Each structure stands twice: as C-alpha cells, then as structure tokens.
**Q** 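Below you will find the structure I want to go over with you.
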Amino acid sequence: MKKMKRISCAFFIFFLFVGAKAQHVFNVKVNEPKADVQKTMWGIFFEDINLGADGGLYAELVKNRSFEFYKPMTGWTIKGKKFTEGAILAVNRKEENTANPRYIQVTLNNASPGDLGLTNEGFRGMGIKKGVRYDFSIMYCKAAANIKLHVELVDSGGNIIGGAEFTPPANDGMWHKAGVSFAANAMALKAKMNVWFEGNGMIDLDMISLFPGDTWKNRPGGMRADMVQKLADMKPGFIRFPGGCIVEGFDLSQRYQWKKTIGPIESRQLIINRWNFEMANRPAPDYFQTFGLGFFEYFQLAEDIGAEPLPILNCGMACQFNSAEVVPLNGLDPYVKDALDLVEFANGAVTTKWGKVRADMGHPKPFNLKMVGIGNENWGPQYLERLDVFTKALKAKYPAIKIVNSSGTDPVGERFDLLNDTLRKRNADIIDEHYYRRPEWFFANANRYDKYPRNGAKVFAGEYAAQSDKTVSVNNKNCWITALAEAAFMTGLERNADVVSMASYAPLFAHVDGWQWTPDLIWVNNLQCVGTPDYYVQKLFSLNKGTKVVPVTMNNNLVEGQDSLYASAVTDAATNELIIKIVNASGKEQQGNVALDGVKNAALKGVFTILKSDDGLYSMNTFDNPEKICPQEKEITVTESKLDIMLPAYSFSVIRVKM
Ligand code: AHR
C-alpha cells in the first residue's frame with residue numbers, strides 16, 4: 001500500500017510538471033527608447049531570377065517578341081497548310097540597328113487564315129483572364145496593301161478564348177507601331193497566341209507583343225498588378241534592384257548596364273540572363289533580359305509603393321564564381337561615369353542631360369535617390385580598390401548619396417573579415433551582409449548584432465533566407481520552420497536598429513514553372529501569387545516597424561533564445577502604440593505576462609496577431625491553400641499595465657497596444 005502511494009504521488013508530481021505551462025515575465029521599458037528605427041528598416045530585394053521580371057512582374061505575355069534570343073525563333077512555332085520554306089525569315093540588320101538587329105519577314109502567297117501563321121507559347125504559357133482587355137501590338141515595315149493579321153488566344157484544350165483581326169495601314173517603308181485590343185471570353189492558365197496572316201505580298205514584323213489591360217495602375221506595357229500589389233501590401237521601406245548576380249554578369253559583357261534599359265523598349269538591347277545557364281539542374285535556355293522592366297520602371301515602382309530606391313551597379317568586376325573578369329583600374333572610367341550619370345538621371349534637373357532623359361520618359365520630378373550600391377557580392381582586394389575609385393568620385397560630386405558596400409557572399413570568414421574590417425576603417429556608409437543558412441543558424445544568430453560597434457558603418461542585411469535543406473538546393477522549401485527562424489533572427493535586427501538600418505529577404509519572386517533558386521518569398525503562376533509563411537513574417541515586421549526600439553527583457557536579460565523565446569519591442573510615434581514581437585520556437589505552449597514599465601495604470605486596447613502553423617513545421621502555403629499559414633488577429637486589453645498572453649508552440653506573435 002505504501003509503495004502504491006509513493007508511485008501515485010510520483011505520477012502526480014510528474015503530471016503537474018508536464019501539465020504546467022512555463023510562465024515568463026516580459027518587462028517592456030516603454031519610456032526608455034534605445035534607438036531610432038529607420039524608415040528603410042524592412043525592404044525588398046528584386047532580381048530577375050526565377051522569371052522574376054521577364055515572365056513575371058513585367059506583364060508582357062509574348063516570349064521573344066523581338067526575335068533576339070540566341071535562337072531567333074525560340075518561343076515561336078511557324079505553322080499552316082501553305083507553309084513553304086523561307087515564307088518566314090529571321091532577318092538580321094546588325095549594321096543598321098545594333099540594339100534590336102532582328103525582325104521577321106513574312107511572304108504571303110494569297111494566304112487565308114490557317115495557311116500561314118505563328119504561335120507564341122508565352123513564358124510557360126500565357127495567363128489569360130475572362131473579361132480583361134488584351135492589347136496586341138506589332139512594329140511593322142514594308143507591308144503590302146491589305147495584309148490582315150488574325151490574332152487568337154487559345155487555351156490548353158484548343159478553344160479560342162479571344163481574338164481580333166486588323167490590317168496595318170499601308171506604309172511608307174518606315175517602321176511603325178500598330179495594334180488591336182480585344183477582350184478574352186474565358187480564363188486560361190496556360191494559353192498560347194496564334195497570329196494568322198491573310199493576303200498577298202510581304203510584311204516585316206518586329207516587337208510582336210501582347211499585354212493585359214489590367215496592369216498595375218493600368219499603365220500600358222506595365223507590370224502585373226497582382227504581383228506589385230503583394231509588394232505594396234508589405235509597405236517596404238526600400239527596394240533594392242536589379243540584383244543580385246545579374247548586376248555582375250557571367251562576364252563583363254553580360255553585366256547589367258542601366259543606360260541600355262531606358263528609353264523606347266524597341267531600343268533596349270536584350271542580353272542573356274545569367275540564370276539561364278547558372279543552375280545545372282534547373283537550366284532555363286529561354287531566359288533572357290528584355291529590359292522591358294528597366295531602371296526608369298524600377299524607380300517608378302519604388303515611388304508607387306513608397307519605397308526608397310536602391311540601385312546596385314556593377315563595380316568593374318564580373319561574378320567571381322563565374323569568369324571573375326575585372327576591368328583594369330585605369331579602365332574604370334565608364335563604369336564610374338555610369339554611377340554618376342545614374343544619380344543625375346534619378347535626381348537631376350530637367351535641364352541636365354540625364355534629367356532630361358527622365359523627363360522625356362514621363363517623370364520630370366526627380367526620383368529623390370538617396371543611396372547607391374557599388375558591386376553585389378564582390379570581394380577581395382580587387383573589389384576594395386575599385387570601390388575606392390567609385391566612392392571618391394561619388395562623394396566628390398554627390399556627398400549626400402549614401403554608398404552601399406559589399407561584404408561578399410558570407411557573413412563570416414576571411415573574405416568577410418577583410419571587407420568588413422577595411423570598410424569600417426574607411427568609415428563606409430552601409431555594409432551589405434548576406435546569409436543563406438540553415439534555420440539553426442538564424443536562431444543562434446539572433447544576437448549577432450548585439451556585439452557590433454554601435455557607431456560607424458550601418459549594416460544592411462541585404463539578402464537572407466533560412467534554408468530548409470542546403471543552400472542552393474532544389475529541395476529548399478518555404479515552410480513554417482524557415483519563416484519562424486527568420487522571425488527570431490529579425491527580432492535581433494530590430495533590437496539592434498542602431499546598427500542595422502535595412503534588411504531584405506532574398507530572392508523575392510519565383511515562378512512555379514520557371515524557377516532556378518529556392519526558397520523564395522512569393523511564388524507565382526501565370527494568374528496567381530502566393531505569399532509564403534516567410535512573406536507573412538516580412539510583412540508583419542514591416543507593417544509593425546515602429547519608430548523607436550524599446551527594451552524588452554526576461555529576468556533582466558534580452559530575450560534571445562532562453563526557453564526558445566525571442567523578443568523585441570518598438571514604439572510608434574505616429575500612432576502612439578507599443579508593438580511587441582515574440583517568437584516561441586519551442587514545441588510547447590508558453591505563458592507570458594507582459595509588464596509595461598512606464599505606462600501608467602492604463603486599460604489599453606490592442607490587437608494580438610499570431611502567425612503559426614496548425615500542420616507542423618514543414619507546412620507550406622500552396623496555390624490551392626494560399627493562406628494556410630497567415631496572420632490571425634484578436635483583440636486584447638492591457639489591465640493595470642499588465643497583459644497575460646499565451647504563446648502557442650512554434651509561433652510568432654505581434655502585440656500592438658495603444659499607449
Ligand atoms: O538571391 C539569389 C542570389 O544569391 C543573388 O543573385 C546573389 O546576390 C546571391 O548569391
């Protein structure tokens with residue numbers, strides 16, 4: 001009997017222990033602001049990778065519209081009952097037009113629809129929406145009289161879901177633009193476009209294009225509205241563009257040159273996209289940069305979504321993982337000039353050379369550029385030497401422009417140390433750090449910036465993403481554990497807002513049928529966008545950015561992993577609110593008692609937002625269930641400056657209360 005009693009007593013104690021939820025007191029010192037949170041704190045990084053621009057954000061539906069891909073008829077099929085050899089020829093006029101040398105010459109012999117035509121497959125098909133207007137256009141020259149074009153959209157079942165016909169007005173031997181618009185009568189995820197020719201004689205064609213009418217802000221030839229909306233919803237503090245490795249290029253001939261991306265789109269010289277061939281297991285032989293989305297459009301996008309533009313420029317070095325080509329130091333002038341001219345393009349008066357170019361493109365007002373990045377993931381003494389030349393020239397002419405400097409590819413190691421030490425000694429403005437690491441690294445490094453010098457160069461966490469598998473593995477997934485790890489890490493960035501002035505996840509977009517790199521923040525198909533759990537973490541931080549960091553402690557210590565809890569807090573001067581972010585990275589529910597030190601006895605109303613997975617750590621948002629993991633809100637009340645909260649296992653909570 002005695003023995004039985006002892007056993008049941010032991011059981012009771014065991015259950016008491018297991019059943020009890022850990023209680024934690026979080027002290028928030030509301031009246032002890034530590035640092036300003038920069039307006040730029042949470043931003044986005046856009047690169048044309050994973051069909052991010054061509055086939056993605058840039059709403060053009062026709063692939064290879066100007067026949068400039070290495071194989072001129074990529075994306076196109078010639079068809080028809082009366083097709084004869086040479087009826088459609090790719091003509092090259094390189095001497096006369098270096099930017100856009102090729103066009104096609106179509107020769108018709110009393111053709112009717114069905115006799116001779118072209119099909120364009122789109123970028124992994126064309127996404128077509130019922131009732132939306134589609135604008136078909138061409139550039140044409142030397143058209144014989146009465147040649148008619150029959151345009152039709154065809155879904156994957158072979159049904160015609162919209163179309164129109166039109167006759168380019170007979171012309172004078174010059175290149176002209178013409179087009180026709182029509183509405184689609186059904187939806188299709190992967191449609192294609194046929195163009196049938198009718199008539200007799202020849203017509204030269206170029207820039208065969210199809211855009212939806214419902215682009216962002218209804219701009220003709222504009223961007224996919226649903227994709228831009230996803231960015232606008234984040235209210236990003238900045239947008240870094242256009243890359244990434246595409247800034248560097250495989251070799252210098254393939255580097256990004258902003259001057260070639262502005263002006264009339266038919267004069268923007270296409271180049272191969274580095275992501276075309278970079279990933280051996282994800283080749284994309286049809287991936288080129290048409291620059292329909294060029295620097296003017298990036299600046300305009302930044303303005304539209306209220307983000308500071310952060311253009312990154314080539315520093316005279318190609319990708320060091322690829323050719324590692326460098327420009328000799330005495331050959332850097334054109335590169336430096338590009339940087340200086342870019343500032344003039346963005347900010348110069350309309351009377352300046354480049355300010356006028358901007359005005360002629362429709363934006364006389366300056367874009368108010370405040371920072372420029374020199375180099376992407378460049379490293380070594382060669383980078384430092386070149387950077388020095390750029391820095392001197394930029395600071396001499398535009399002292400107010402802040403320069404973003406590279407710290408290479410990794411957040412540790414010799415390369416990093418050399419750059420970080422030298423740049424700090426040089427009193428650099430901003431140092432860009434990149435981390436693609438396992439979730440464990442992100443949890444363990446939530447305190448990374450606690451140890452950084454508080455003065456001198458600011459940190460830009462310019463590219464980061466937790467990797468569920470290995471870095472650059474095709475098996476990486478955007479699942480709940482990656483998002484949670486990033487949230488924990490971001491509490492550390494926020495807590496150290498005096499050191500970290502900017503941060504952005506990378507990469508931003510990926511097309512389900514055209515990606516090269518995982519994980520990615522937002523996944524798209526031709527019609528839909530899906531925000532990953534990581535997207536919702538980014539969005540929650542950005543929408544709850546606040547203006548001042550205030551201390552949040554547990555037993556007088558910063559909350560950076562004890563009991564798997566991570567926390568940061570800010571106040572928001574504009575709304576007079578306190579915002580606390582807490583990550584519970586443990587598998588158990590934990591109870592918290594939040595004590596607001598410095599707020600008087602208030603009964604405060606607030607909102608508790610929780611982001612968690614009901615389906616395990618590897619759960620993901622999908623096209624069928626895009627909001628499986630997304631923020632849920634409920635109202636809360638703070639009584640006598642205290643708030644009891646329940647932190648579910650593996651969750652990220654944001655508490656927002658009026659002060
Ligand atoms: O974000 C994908 C790539 O990762 C970027 O282009 C590059 O900067 C980094 O290596």
Side-chain angles (χ1 to χ4, degrees), residues 43-54 56-57 231 238-251 254-256 271-282 284 287 289 293 298 310-315 317-324 373-380 383 404-413 415-416 419 430-438 441-442 460-474 476-478 482 486 502-511 514-523 532 534-535 538:
I44 50 177
F45 161 50
F46 180 85
E47 177 170 20
D48 191 4
I49 182 174
N50 304 319
L51 302 193
D54 285 292
L57 193 59
L231 305 182
F238 66 90
I239 174 169
R240 172 178 177 235
F241 58 87
C245 292
I246 63 166
V247 168
E248 301 162 42
F250 176 88
D251 60 22
Q254 291 173 15
R255 73 189 191 276
Y256 198 101
I271 61 170
I272 194 165
N273 188 310
R274 175 210 192 250
W275 299 106
N276 176 310
F277 51 83
E278 182 63 22
M279 302 306 209
N281 48 6
R282 299 289 304 171
Y287 201 2
Q289 298 183 76
L293 192 53
Y298 284 127
L310 169 53
I312 308 294
L313 299 172
N314 186 291
C315 64
M317 299 173 77
C319 176
Q320 287 159 274
F321 291 120
N322 295 155
S323 69
I374 303 300
N376 173 44
E377 283 183 342
N378 297 106
W379 69 78
Y383 173 61
V404 173
N405 306 265
S406 162
S407 66
T409 56
D410 282 295
V412 287
R415 284 178 191 158
F416 176 83
L419 295 184
I430 304 168
I431 303 178
D432 181 7
E433 299 188 5
H434 294 182
Y435 1 83
Y436 294 99
R437 299 278 164 137
R438 296 272 310 161
W441 185 92
F442 282 87
F460 168 28
E463 292 186 26
Y464 63 90
Q467 315 282 297
S468 66
D469 193 52
K470 296 185 206 73
T471 305
V472 198
S473 154
V474 290
N476 275 315
K477 301 274 184 276
N478 291 92
T482 58
E486 288 146 11
M502 300 161 77
S504 48
Y505 182 98
L508 187 56
F509 285 119
H511 190 292
W515 57 271
Q516 293 81 47
W517 179 295
T518 57
D520 306 287
L521 199 63
I522 300 166
W523 285 79
T532 57
D534 315 69
Y535 170 81
Q538 293 291 321

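Every number for a ligand or one of its atoms is a count from 1 in the order of the listing. Remember, it's a predicted structure, so these values are computed and weren't measured experimentally. Quick note: residue numbers are just sequence positions, from 1.
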**Q** Do the side-chain N and O atoms of N478 and Y535 include a donor-acceptor pair separated by under 3.5 angstrom?
**A**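 N478 vs Y535: no donor-acceptor pair found between side chains.
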
**Q** Using the ring-ring contact (aromatic ring centres under 6.0 Å, His included) criterion, which residues pair with F460? Sequence neighbours excluded.
**A**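 For F460, the residues satisfying ring-ring contact (aromatic ring centres under 6.0 Å, His included) (neighbours in sequence not counted) are F238.
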
**Q** Counting only N and O atoms by type, is there a donor-acceptor contact under 3.5 Å from the side chain of E486 to the main-chain atoms of A466?
**A**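 Yes, the answer is positive, given that a donor and an acceptor are paired below the 3.5 Å cut-off.
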
**Q** Write out the residue and atom name of the closest protein heavy atom to atom 6 (O) of ligand 1, then the distance separating them to 0.1 Å.
**A**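 Minimum-distance protein heavy atom for atom 6 (O) of ligand 1 reads E47 OE1, 2.6 Å.
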
**Q** Hey, which atoms in ligand 1 end up nearer than 4.0 Å to a heavy atom of E377?
**A**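 Selected atoms, number and element: 7 (C), 8 (O), 9 (C), 10 (O).
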
**Q** Test of understanding: with ring-ring contact (aromatic ring centres under 6.0 Å, His included), list the residues that count as partners of F442, not counting sequence neighbours.
**A**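 Residues passing ring-ring contact (aromatic ring centres under 6.0 Å, His included) with F442: F489.
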
**Q** Answer yes or no for R274 and F250: cation-pi contact, defined as NZ/CZ to six-membered ring centre under 6.0 Å and angle to ring axis within 45°.
**A**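 No - R274 does not lie over the ring of F250 by the 6.0 Å and 45° rule.
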
**Q** Test of understanding: given a 4.0 Å heavy-atom threshold, classify the contact between N376 and ligand 1 as side chain, backbone, both, or neither.
**A**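 Looking at N376 and ligand 1, just side chain atoms fall under 4.0 Å.
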
**Q** Is the closest heavy atom of G243 to ligand 1 under 4.0 Å?
**A**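 For ligand 1, residue contact (heavy atoms, under 4.0 Å) with G243 is absent.
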
**Q** Should E377 and H434 count as side-chain neighbours, where that means a heavy-atom distance under 4.5 Å?
**A**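 With C-beta onward as the side chain, the pair touches.
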
**Q** What I want to know is whether E463 and ligand 1 share at least one N or O pair that is separated by under 3.5 angstrom.
**A**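 Yes - when backbone and side-chain N and O of E463 are compared with those of ligand 1, one distance drops under 3.5 Å.
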
**Q** So if I count the atoms of ligand 1 from 1 in the order they appear, which ones are less than 4.0 Å from some heavy atom of W275?
**A**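 Those qualifying, in numeric order: 6 (O).
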
**Q** Tell me, please, whether W517 has R282 positioned over its six-membered ring: NZ or CZ under 6.0 Å from the ring centre and within 45 degrees of its axis?
**A**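 Not satisfied by the 6.0 Å and 45° rule.
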
**Q** Looking only at distances, please establish whether an N/O atom of ligand 1 is found under 3.5 Å from an N/O atom of C245.
**A**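 Between C245 and ligand 1, an N or O pair is found under 3.5 Å apart.
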
**Q** For atom 2 (C) of ligand 1, which protein heavy atom lies nearest, and how many Å away is it?
**A**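 Protein heavy atom at minimum distance: Y436 OH, 3.7 Å.
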
**Q** Please indicate whether any nitrogen or oxygen in H434 is less than 3.5 Å from any nitrogen or oxygen in ligand 1.
**A**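 Between H434 and ligand 1, no N or O pair is found under 3.5 Å apart.
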
**Q** Which of the atoms in ligand 1, numbered in the order shown and given with their element, are less than 4.0 Å from a heavy-atom of P507?
**A**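 This gives 1 (O), 2 (C) as the contact atoms.
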
**Q** Contact between ligand 1 and F321 is defined here as a heavy atom of the residue under 4.0 Å from a ligand atom; is it met?
**A**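 Flag not set, F321 not near ligand 1.
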
**Q** When you measure from the side chain of Q467 to the backbone N and O of R438, does any donor-acceptor pair fall under 3.5 Å?
**A**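 No, Q467 side chain to R438 backbone: no donor-acceptor pair under 3.5 Å.
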
**Q** Under 4.0 Å from a heavy atom of G244: give me the atoms of ligand 1 that qualify, with their elements.
**A**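 Under 4.0 Å from G244, ligand 1 has these atoms: 5 (C), 6 (O), 8 (O).
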
**Q** Does ligand 1 have a heavy atom under 4.0 Å from the side chain of Y464, from its backbone, from both, or from neither?
**A**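 The answer is neither; Y464 stays 4.0 Å or more away.
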
**Q** Y383 side chain to S407 main-chain N or O, any donor-acceptor pair under 3.5 Å?
**A**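 Not at all, since once roles are kept as given, no pair shorter than 3.5 Å links the two residues.
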
